[in-house]
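The chains referred to below are lettered A, B, ... by the order of the sequence lines, with proteins before strands, and numbering in each begins at 1.
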Amino acid sequence: MVCRALPKSAEVAVVGERMTSDVAGLDPLLDEAPCGFVSFLDDGHVRVANRTLLDMLGYSREELLDKHIESVLAVGSRIFYQTHFFPLLRLHGRANEIFLLLRGKSGEDVAVLANAIRRERRGEWVTDAVLMRVIERRKFEDALLEARRVAEEATAAANVQRGETENANALLERQATELADTHWKLVIQALELDKQRTIAEDANRAKSEFLAMMSHELRTPLNAIGGYVQLMEMGVHGPVTAAQTEALGRVTRSQQHLLRLINDLLNLARIEAGRVDYDLQSISLNDIVLATLPMIEPQIAAKGLRYDVEVPLTLKAAADREKLEQILLNLLSNATKFTENGGSLRIEATVAPESEDFVELKVADTGVGIPADRLEHVFEPFVQVESSHASRVEGTGLGLSISRDMACGMGGDLTAESTLGVGSTFTIRLRRG
Amino acid sequence: MVSPVLSRNNVKVFGRGTQPMLFAHGFGCDQNMWRFVTPAFENDYRIVLFDYVGSGKSELASYDPERYATLDGYTEDILDVCRALDLREVIFVGHSVSGMIGLLAANRAPELFERLILIGPSPRYINDAPDYVGGFERADIEGLLETMEKNYIGWANFLAPAIMKNPDRPELTAELEASFCSTDPVIARRFAEATFFADNRADLAAVQVPSLIMQCSEDIIAPSEVGDYLSRELPGSTLQTLRATGHCPHMSHPEETIAVMREYLQAPVDGVQSAAQIG
């Protein structure tokens, strides 16, 4: 054991009257040990304090003695002392490595770790505690705790994110379910629409079949009317007066008008019912024009229209003669109808400019023209072009619709170009024959 | 069938009397804190000890952070124990925060309690200027939380939970049992917050069960102003100031504590009540 000389004064040992009797002379080793030392009673009153602790706190020995141990603790540590430290000492007689903040005389805090033992000494229960300053370690702990806090915050943030992800997932799942629902609704709607379409198609077919049948049924008595009128005109049933001839002429015109209407209807109905057969042959376009023009010439002449024809003799198309004649007649009839007196018509046939395999037969007029936004609609059934220049014209409005259907049926097409007030050009396009 | 509450709250029952004395420990401790006073009452009463869930040897698995976020959850623990044992005419002894928990329990089920003994109670620890002195500012409580944090999770105890789960090192487990009464830092912090941030002043007026306020001298946690306030505001209360100093007279000065409790228990309930009312 190292012996040390006592300090010059006996002050060290004399820390109070009780002190002397308590720790008969505080050993200089203890007084200047590299850690604080304090003894206090159960009621908290300080009995002994070494120099190191006094220096730590800035108190003189006289100031510290008989102070309450709590008075040298920071407030948080006071509560901790009462709720943890003291019960631990009381219940277990010792407490080790307790972190405390001491409160120095000038109010600064000193972090220490305390080891304490409670024992009976000369009839009194005292607690002896050594207090070791923790500076570097406290920094280390602060860093650890900070790291833990950061980790906890990160975990919390991750949890929040996970929660958000889960919410998003739930939302997506909900949306997926809704989409699936919508999908099935759409499938059901599609099926329903398909069913309705089938019903509509059936109804349309029934209508077409009815029209075809009725047209046929109507044509028979009309033909009979025509036939008997003709017989009467010929005087088969006796002499005919001038007035009767006039009347029979009116009957004939009416009968023929009705017959045209019914033929249109019949053709449409047949096309819609898919019952039209095309007998395609190599046909001279010139022949077609020559066969058709005479039928319309009276009307052309009546309106004082000029016309010219330019159809090469050798040009042939793959067509059904009867249907092509019908289309051409329809186009010529329209051109005549919609062209003002003094206008002109032109019939022209050429090889299609973009393909040697096709020929084009055009009917051009100098008529009222068709507005651009109506141009395609003229091919729809029951449509007639309204024009301020033309009075309402008679007809079913089926002519162009039927004509295009027939042109398509022959592997070709029927198209139109027009400039309002300048005229229209309809082009029948057909495979070369 | 034994109620699960008995193991959940580590309930202990002993003594030769019939009337129950239910001892409720304070924040930072467990039922062991009563061992210096219970022997004095064993002959005349049925002693019931328990640990709040999260403290002592209670079942930590039953800890529900929501339930124990406020003193209400701890109040439920008291009532659960009373009902599990079918306690009647209970003499409730509560230390520190358990004083308030006992008052809340008595307000919930006044029929269960005969009287309340409150050691160092406080309805609010934080000052509420200008009229109320609780003894602390919010920053002081933050200081406590920091000190707790350092001690529960500082380097000294950093690995404790992991060690505790290690069956190969029973000596460490034993060491830990000799440590703080709650070893879970999160639970301890939550209990501290529920305790020190509580304000139960509004609950005082409804109390019907007579009570004894045991006010220590020089108690920094429940200063004398708090005892005076309680004595004024708590119906049917009797204020008794002890010579004992500090916050744990039942540990630091058990003889005086026992004597004061005995004296109070010897007075008839009606007498206690009317005396308090007159006072």
Minimum heavy-atom separation for A/I79 to B/F196, with atom names?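 Shortest heavy-atom contact: CG2-CZ, 3.5 Å.
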Would you check if A/L91 and B/R35 make a side-chain contact, meaning some heavy-atom pair closer than 4.5 Å? yes
Non-hydrogen atoms of chain A under 4.5 Å away: do they reach the side chain of B/E137, the backbone, both or neither?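 B/E137 has no heavy atom closer than 4.5 Å to chain A.
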Considering all heavy atoms, the nearest A/S77-B/T147 contact: OG-OG1, 3.6 Å
Euclidean distance, A/L89 CG relative to B/M251 CE, rounded to 0.5 Å: 10.0 Å
Bottom line for B/Y125: the part with an atom under 4.5 Å from chain A's heavy atoms is neither
Which value, rounded to the nearest 0.5 Å, describes the distance between B/C248 atom SG and A/D42 atom CG?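 So the SG of B/C248 and the CG of A/D42 are separated by 11.0 Å.
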I need the minimum non-hydrogen distance between B/N151 and A/E97, along with the two atoms involved. OD1-O, 3.9 Å
Crowded around A/Q196 CD? As in, over 12 foreign heavy atoms under 6.0 Å? yes
For A/S60, check side chain to side chain contact (heavy atoms under 4.5 Å, CB included) against everything at least two apart and list the hits.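 A/S60: side chain to side chain contact (heavy atoms under 4.5 Å, CB included) contacts with A/E62, A/E63.
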Region of A/E70 that comes under 4.5 Å of a non-hydrogen atom in chain B: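 Just its side chain gets close to chain B.
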Which of B/E146, B/H247, B/H253 touches chain A most, by non-hydrogen pairs under 4.5 Å: B/H247
Straight-line distance of A/L113 CG to B/K150 NZ, nearest 0.5 Å: 10.0 Å
So how far is it from B/N32 CG to A/H92 NE2, rounded to the nearest 0.5 Å? 6.5 Å
Residue list, ring-ring contact (aromatic ring centres under 6.0 Å, His included) with A/Y81, at least two apart or on another chain: A/F85
So do B/S252 and A/R90 actually touch side chain to side chain, heavy atoms under 4.5 Å?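 They are not in side-chain contact.
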Heavy-atom contact with chain A under 4.5 Å, split by part of B/P254: side chain
Side-chain contact test, heavy atoms from C-beta onward, threshold under 4.5 Å: evaluate it for B/F136 versus A/R78 and give yes or no. no
Working to the nearest 0.5 angstrom, can you tell me the gap between A/Q82 CD and B/S96 OG?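 The CD atom of A/Q82 sits 9.5 Å away from the OG atom of B/S96.
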